[in-house]
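Accompanying notes for the structure given below.
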Amino acid sequence: MPSAHRRPARAKRSSTTPKSATHHDPESDRRRLITRVLTGLAPYVPEGTLKVDPSGMIVVGVDDVPLAIQVEEEPPVIRVLGTVVSEVPYSEDLCAWLNEVNANRLRIGYAYWRDDEIRYAIEQIAAPFLLEHLLDALAAASGMVPALAREAALWFPEPVVVA
């Protein structure tokens, strides 16, 4: 019987990936996303108006409306926030107004109450990050925050501070 020439056996490959390939740093992803947001917004806002606070919140003024952009890493979400009014204590009227606004008036975003402030927020998934969506969210928020502030002043006349 002729002898068959056999190839040497290859070492089996592991089905798991090495730790270095699977290590994922969400904070560096967040920093990269913040950098992309800042770079994308820079041509659209006056120089020096984009600021990043120590928590990583990006503060920008759009049409004289102060807005904040919060970047989350997991899941990748960009949240545009604006203070509508401050010094509003919790009440049943507040709950009724927020329910009415969120259910029947807001097509994008939502209004909520926290720390004696009525706030407005728009959230968007940032995977992939699309600058156009962020610009649309900023434009919507810069129009909605003053409109909600005018309406809130009718519902909560004292001692509301319009932001």
Side-chain angles (χ1 to χ4, degrees), residues 17-90 94-95 97-153 155-156 159-163:
T17 51
K19 254 193 195 274
S20 61
T22 60
H23 180 68
H24 181 61
D25 183 11
E27 188 57 33
S28 68
D29 289 349
R30 183 171 181 260
R31 283 191 301 271
R32 276 195 297 275
L33 189 52
I34 288 171
T35 301
R36 290 183 67 196
V37 168
L38 290 170
T39 303
L41 287 178
Y44 297 96
V45 297
E47 191 172 329
T49 59
L50 280 174
K51 296 178 179 27
V52 181
D53 74 8
S55 70
M57 185 88 70
I58 301 166
V59 181
V60 62
V62 179
D63 297 331
D64 296 326
V65 177
L67 298 172
I69 302 168
Q70 184 179 41
V71 177
E72 299 288 334
E73 65 275 357
E74 284 297 323
V77 171
I78 295 176
R79 189 174 292 116
V80 175
L81 305 164
T83 300
V84 175
V85 292
S86 56
E87 297 183 26
V88 178
Y90 178 83
L94 171 67
C95 289
W97 183 77
L98 287 171
N99 285 336
E100 165 65 19
V101 165
N102 285 318
N104 298 320
R105 303 213 192 121
L106 295 178
R107 301 274 185 242
I108 182 172
Y110 56 94
Y112 64 100
W113 177 86
R114 180 175 293 149
D115 301 328
D116 288 339
E117 292 182 340
I118 297 173
R119 300 176 186 170
Y120 176 74
I122 297 174
E123 295 182 347
Q124 69 181 68
I125 300 296
F129 169 70
L130 298 173
L131 179 62
E132 301 83 37
H133 293 173
L134 177 58
L135 294 174
D136 289 345
L138 287 168
S142 70
M144 191 54 64
V145 168
L148 288 172
R150 286 189 298 273
E151 185 175 335
W155 276 66
F156 313 104
V160 171
V161 176
V162 176

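Both backbone and side-chain heavy atoms feed into the values below; hydrogens, waters and symmetry mates do not.
Of all the heavy atoms in Leu67 and Gly82, the pair that sits closest is CD2-CA, 3.9 Å. When every heavy atom of Val80 is checked against every heavy atom of Ala141, the shortest pair comes out as CG1-CB, 3.8 Å. Between Leu81 and Ala121, the shortest heavy-atom distance links the atoms CD2-CB, 3.5 Å. When every heavy atom of Ile108 is checked against every heavy atom of Ala140, the shortest pair comes out as CG2-CB, 4.2 Å. Scanning all heavy atoms of the two residues, the minimum distance from Pro43 to Gly40 falls at CD-O, 3.3 Å.
Glu87 CD to Asp115 CG: the interatomic distance, rounded to the nearest 0.5 Å, is 13.0 Å. Ile118 CD1 to Thr83 OG1: the interatomic distance, rounded to the nearest 0.5 Å, is 10.5 Å. The distance from the CG atom of Asn99 to the CG atom of Asn104 is 9.5 Å, given to the nearest 0.5 Å. One distance of note links OH of Tyr120 with CG of Asn102; it measures 9.5 Å at 0.5 Å rounding. To the nearest 0.5 Å, atom CZ of residue Arg36 and atom CG of residue Leu130 are 8.5 Å apart. The NE2 atom of His133 lies 12.0 Å from the CD1 atom of Ile125; values are rounded to the nearest 0.5 Å.
By the side-chain hydrogen bond (donor to acceptor under 3.5 Å, both in side chains) test, Trp97 is found to be paired with Glu151, residues two or more places apart in sequence or in another chain being considered. The side-chain hydrogen bond (donor to acceptor under 3.5 Å, both in side chains) check on Glu117 picks up Arg119, with sequence neighbours excluded. Residues satisfying the side-chain hydrogen bond (donor to acceptor under 3.5 Å, both in side chains) test with Gln124, not counting sequence neighbours, are none. The ring pair (Phe, Tyr, Trp, His ring centres under 6.0 Å) test applied to Tyr110 returns Tyr112, not counting sequence neighbours.
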Open item on the list: Is there a side chain to side chain contact (heavy atoms under 4.5 Å, CB included) between Leu131 and Tyr44? Walk through the geometry before answering.
Closed with: CA-CA 11 Å; Leu131 179 62; Tyr44 297 96; 3.8 Å; yes
Open item on the list: One pair to check against side chain to side chain contact (heavy atoms under 4.5 Å, CB included): Ile69 and Leu41. What are the steps and the verdict?
Closed with: CA-CA 11 Å; Ile69 302 168; Leu41 287 178; 3.5 Å; yes
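With a 4.5 Å cut-off on side-chain heavy atoms, Ile122 and Leu138 do not count as touching. Side-chain contact between Asp116 and Val88: absent, with no pair of heavy atoms (C-beta onward) separated by less than 4.5 Å.
Judged as a salt bridge (charged side-chain N to carboxylate O under 4.0 Å, His left out), the pairs with a partner in residues 123-147 (not counting sequence neighbours) are, in order, Arg79-Glu123.
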Side-chain polar contacts of residues 52-65 - donor-acceptor pairs under 3.5 angstrom, sequence neighbours left out - could you list them?
residue	atom	partner	partner atom	Å
Asp53	OD1	Ser55	N	3.0
Asp53	OD1	Ser55	OG	2.7
Asp53	OD1	Gly56	N	3.1
Asp53	OD1	Met57	N	2.9
Asp53	OD2	Ser55	OG	3.4

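Using modelled atom types, no side-chain atom of Trp113 and backbone atom of Leu98 make a donor-acceptor pair closer than 3.5 Å.
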